[in-house]
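Working notes, beginning with the structure itself.
Index from 1, following the sequence.
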Amino acid sequence: MSAAPEPIWDPVERLPRERLRELQLERLRATVGHVLGAQPPGAARLRAAGATDPGEIESLDDLAGLPFSHKSDLRDAYPFGLLAVPRERVARVHASSGTHGKPTVVAYTRADLDAWAELMARCMTMAGVRPGMVLHNANGYGLFTGGLGFHDGAERIGATVVPVSGGFSARQATLLADLGGEALAATPSYALVIAQALRDAGIGPADLRLCLGLFGGEPFSESMRNQIERELALTAMAFYGLSEMCGPGVAAECPARRGLHVQEDHFLIEVVDPDTGESLPDGEEGELVFTTLAKEALPLIRYRTGDIGSLDVAPCDCGRTLARVASLHGRRDDMLVVRGVNLFPSNVEHLLLGVPEVAPHYRLILERDGPMDELTVECEPASAGVDEAELGERLERLLREHTGIRISVAVVEPGAVPRSEGKAVRVVDTRAG
Ligand SMILES: [Zn+2]
């Protein structure tokens, strides 16, 4: 007897790639036409590059001739300068926290919100959410897209949503047990805070019905995934998105967990060399660039995400034809250049969490000591009785061996590394100013 096939939310997810490309081309022309007609700053940039007629776009290869857009375009047009619909047609706004001053505001029409809920229903179905399942949503509700994104997707599927939002970790533990949460949506770092709260409350995996984790909002390494799965006794699925596209729902993992399927009928993905902007072949690591294909309020052409990953278009065991993003390292902005060596915090995370005596709470502190950058990793022992000096020395050797740079390790008291209710602050850079 063979198992019943996993459900697929929308037939478009298994469209033959040739037909998918035809659909993308048609939608690309419509998006370019929309920008030319309704988004003055975007239209000016297109015209300056000689793109004045969407009918002249003959194939998807012509995309490479269109200009990029950047996060700074959103900041320069703050808050509503990139709207491509009258302000009155905006049904909702969200915003991402600005690391440099003002937040990035994004806007949705009613149709954009509907499309987003559909995309989340697709991604959450792909990850294993089913009608009637209890979803404990510990993503922050509000301007952050995580809360309402998972909320709307779960309602669309017909799941039972518990809109806990972030914070009040002790209460999270009680509600998770009492209401029988089966799926947990959170940032990976907050999932670990909840795991700690469960231990503090004496609630073990046997007291829970938890079996599935939906994690996004920040990159996480395979070691972190393993750690979360061990601590919460669930299967952890990765979600990827950014508010400039819609929020979560841009890409997510299927049960094969060999990359995140991109919702390519809504987002045209390219991978480019982050320095030259040249397109890179499938499989090569570079910066992810997205063009929205169905957005009304905020269409964006060739938007530079700053996120690093690679693309895999090989057929997937799950039957979906959608390309997958693999080796997501997180934002290029988060990449540290320490004494000339490129280092992602997720690289350090992977090494640290591969050591059983290390708890999954850490941060990287960058200081300038004279002309040199000094990097210190703060981390905590996983249990009492660990020889901290020996552990610190062992970690320093491990990090040096695998990264090629000297990194100091400070093993601090359990609980000393600040915890986060949303996206964790992994890097403290004291070099500026
Ligand atoms: Zn798949």
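- Counting only distance, with no hydrogens or angles, the side chain of Y190 and the backbone of R419 share no donor-acceptor pair below 3.5 Å.
- Counting heavy atoms from C-beta outward, N139 and T187 have side chains that approach closer than 4.5 Å.
- The line from CG of L184 to CD1 of I194 is 5.0 Å long, rounded to the nearest 0.5 Å.
- The backbone N or O of L322 lies less than 3.5 Å from a partner atom in the side chain of H261, making a donor-acceptor pair.
- Residues meeting the salt bridge (charged side-chain N to carboxylate O under 4.0 Å, His left out) test with R29, sequence neighbours left out: none.
- Between L135 and L214 there is a side-chain heavy-atom pair separated by less than 4.5 Å.
- At a threshold of 4.5 Å between non-hydrogen side-chain atoms, the residues S189 and R426 count as touching.
- Taking each heavy atom of P163 and V161 in turn, the nearest pair found is CD-O, 3.4 Å.
- Judged purely by atom type and a 3.5 angstrom limit, N137 uses its side chain to pair as donor or acceptor with the backbone of G147.
- Contact detail for L179 and V134: the closest heavy-atom pair is O-CG1, 3.7 Å.
- Contact record, E182 with G132: OE1-O, 4.1 Å, taken as the closest heavy-atom pair.
- Listed here is the closest heavy atom pair of V325 and L311: CG2-CD1, 4.1 Å.
- Between the CZ atom of R304 and the CZ atom of R302 there is a distance of 8.5 Å, given to the nearest 0.5 Å.
- Proximity of I301 to R45: side-chain heavy atoms (C-beta onward) are nowhere separated by under 4.5 Å.
- Side-chain contact of N226 with S223: a donor-acceptor pair under 3.5 Å is absent, judged by distance alone.
- Salt-bridge check for R225 with E222: passed, with a basic side-chain N closer than 4.0 Å to an acidic carboxylate O.
- Under the 4.5 Å side-chain criterion, counting only non-hydrogen atoms from C-beta, F344 is in contact with I308.
- Side-chain atoms of D73 and P41, non-hydrogen and from C-beta on, never get closer than 4.5 Å to each other.
- When side chains are defined from C-beta on, T291 does not count as touching L66, because their heavy atoms never get closer than 4.5 Å.
- In terms of modelled atom types and a separation under 3.5 Å, the side chain of T292 and the main chain of L300 share a donor-acceptor contact.
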Q | Verdict with reasoning, R19 to D265, per salt bridge (charged side-chain N to carboxylate O under 4.0 Å, His left out) | A | CA-CA 10 Å; R19 294 225 1 240; D265 56 325; over 6 Å; no
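- Environment of CG in D317: sparse, with no more than 12 heavy atoms of neighbouring residues, nucleotides or ligands closer than 6.0 Å.
- Checked by atom type, the side-chain pair S243/T145 shows no donor-acceptor distance below 3.5 Å.
- Taking R199 as the reference, E231 meet the salt bridge (charged side-chain N to carboxylate O under 4.0 Å, His left out) condition, with sequence neighbours excluded.
- For R258, the CZ atom sits in a loose shell: 12 or fewer heavy atoms of surrounding residues, nucleotides or ligands are nearer than 6.0 Å.
- L119 contributes atom CG, which lies 4.5 Å from atom NE2 of H266 (distance to the nearest 0.5 angstrom).
- How far CG of L176 is from CD1 of I203: 7.5 Å, rounded to the nearest 0.5 Å.
- For the side chain to side chain contact (heavy atoms under 4.5 Å, CB included) with E378, the lone residue among I365, L364, V428 that qualifies is I365.
- The distance from atom CD of E13 to atom CD of Q263, rounded to the nearest 0.5 Å, is 5.5 Å.
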Q) What's the verdict on side chain to side chain contact (heavy atoms under 4.5 Å, CB included) for E218 and M224, showing C-alpha distance, side-chain angles and the deciding distance? A) CA-CA 12 Å; E218 60 191 14; M224 176 70 104; 5.7 Å; no
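- Nearest heavy-atom pair across L25 and E58 is CD2-O, 3.6 Å.
- A donor-acceptor pair under 3.5 Å links the side-chain atoms of H34 to the main chain of E296, judged by distance alone.
- For R320 and D10, the salt-bridge test fails: no basic side-chain N is under 4.0 Å from an acidic carboxylate O.
- With hydrogens and angles disregarded, a donor-acceptor distance shorter than 3.5 Å links the side chain of E253 to the backbone of A238.
- No donor-acceptor pair closer than 3.5 Å links the side chain of Q24 to the backbone N or O of L60.
- Interatomic distance, L198 CG to D207 CG, rounded to the nearest 0.5 Å: 9.0 Å.
- Between the side chain of Q172 and the main chain of A138, no donor-acceptor pair closer than 3.5 Å is present.
- The backbone N or O of G153 sits nowhere less than 3.5 Å from a side-chain atom of W116 that would complete a donor-acceptor pair.
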Q | Test side chain to side chain contact (heavy atoms under 4.5 Å, CB included) applied to L293 and L28, step by step | A | CA-CA 6 Å; L293 293 176; L28 174 63; 4.2 Å; yes
Q. Given the rule in the side chain to side chain contact (heavy atoms under 4.5 Å, CB included) test, do W9 and M126 qualify, once you have shown the distances and angles that lead to the verdict?
A. CA-CA 8 Å; W9 182 261; M126 179 155 67; over 6 Å; no
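- Every pair passing salt bridge (charged side-chain N to carboxylate O under 4.0 Å, His left out) that includes a residue from residues 127-153 is listed here, sequence neighbours excluded: E6-R130, R92-D152.
- In this structure, I228 and A191 approach most closely via the heavy-atom pair CG2-CB, 4.3 Å.
- Using modelled atom types, one side-chain atom of E380 and one backbone atom of V417 make a donor-acceptor pair closer than 3.5 Å.
- Results of the salt bridge (Lys or Arg N to Asp or Glu O under 4.0 Å) test with E264 over R324, R21, R17 single out R17 as the only residue that passes.
- The aromatic rings of F215 and F220 lie perpendicular to each other, with more than 60° between the two planes, well past the 30° mark.
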(Q) Could you walk me through whether L288 and V262 satisfy the side chain to side chain contact (heavy atoms under 4.5 Å, CB included) test, starting with their C-alpha distance in whole Å, then the side-chain angles of each, then the deciding distance to 0.1 Å, before giving a yes or no? (A) CA-CA 11 Å; L288 308 184; V262 180; over 6 Å; no
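- M124 places a side-chain heavy atom less than 4.5 Å from the side chain of F239.
- Geometric assessment of K71 against the ring of Y303 yields a negative cation-pi assignment under the 6.0 Å and 45° thresholds.
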